[in-house]
Amino acid sequence: MPKETIAIASDHAGFELKAQLKQELAAMGFEPLDLGTESPSSVDYPDFANRLAAALKDGQAKRGVLICGTGIGISMAANRHRHIRAALVHDVTSARLTRQHNNANVLCLGARLIGADVAKDCLKVFLTTDFEGGRHENRVAKMS
Ligand code: RB5
């Protein structure tokens, strides 16, 4: 079976965590699609949210991960795209619930706020939890 591609992008503040999460994705059997940034030099987080939104729109990946310093700016930028449901997550419970209830397709993390181990746990739970559907279906549909 072909590996599922997971798009991943960050600004400079998330550059290091992005490298760690790419390794984690590969270890989990996914194919990471790195959309930048390419170095720790200062960049603007909306550019990377936009890159990832474009990759999901044209079918390069169905799900993605975005990282900036707090996760706030990059999640705001991502959610300006109608097909994106980006969830800023700091803990495993939120990672699980945003999949079960919101059918989030993008996980956002704040590299300056959470440690690498928590980020990896959030990533694992986010990618392995299914949307519950049912009563949540209509609510999610109303967002787009
Ligand atoms: C960059 O310094 C920082 O502002 C950015 O990574 C992010 O935290 C914005 O929300």
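In each ligand, atom 1 is the first atom listed, and ligand 1 is the first ligand listed.
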message: Take a 6.0 Å sphere around CD of E16 and say whether it holds more than 12 heavy atoms from other residues, nucleotides or ligands.
response: no
message: Which residue and atom name correspond to the protein heavy atom nearest atom 7 (C) of ligand 1, and how close is it?
response: C68 SG, 3.3 Å
query: Is V106 close to R85 at the side-chain level, that is, under 4.5 Å between some pair of heavy atoms?
result: no
message: Among all protein heavy atoms in this structure, tell me which lies nearest to atom 10 (O) of ligand 1, with the distance rounded to 0.1 Å.
response: G73 N, 2.9 Å
A13 N/O to ligand 1 N/O under 3.5 Å: no
message: Please list the nearest protein heavy atom to atom 3 (C) of ligand 1 with its residue and the distance rounded to 0.1 Å.
response: R112 NH1, 3.9 Å
Test item: F131 and Q100 side chains (from C-beta on) under 4.5 Å apart, heavy atoms: no
- prompt: Does G71 reach ligand 1 with a nitrogen or oxygen that is under 3.5 Å from one of the ligand's nitrogen or oxygen atoms?
  reply: no
- prompt: Which heavy atom of the protein is the closest neighbour of atom 6 (O) of ligand 1, given with residue, atom name and distance?
  reply: D11 OD2, 2.6 Å
Qualifying residue for side chain to side chain contact (heavy atoms under 4.5 Å, CB included) with C68, from V43, I74, L109: I74
- prompt: When you measure from atom 8 (O) of ligand 1 to every protein heavy atom, which one gives the shortest distance, and what is it?
  reply: T70 N, 2.9 Å
Atoms in ligand 1 with a heavy atom of G69 nearer than 4.0 Å: 5 (C), 6 (O), 7 (C), 8 (O)
- prompt: Do the side chains of F126 and V89 get nearer than 4.5 Å, heavy atoms only?
  reply: no
message: Counting neighbours of CE on M28 that are heavy atoms of other residues, nucleotides or ligands and sit closer than 6.0 Å, is the number greater than 12?
response: yes
message: Quick test: of every protein heavy atom, which one is nearest to atom 4 (O) of ligand 1, and how far off is it to 0.1 Å?
response: Y45 CE2, 4.6 Å
query: Is the closest heavy atom of H12 to ligand 1 under 4.0 Å?
result: yes
query: So, H81 versus N50: side-chain donor-acceptor pair below 3.5 Å or not?
result: yes
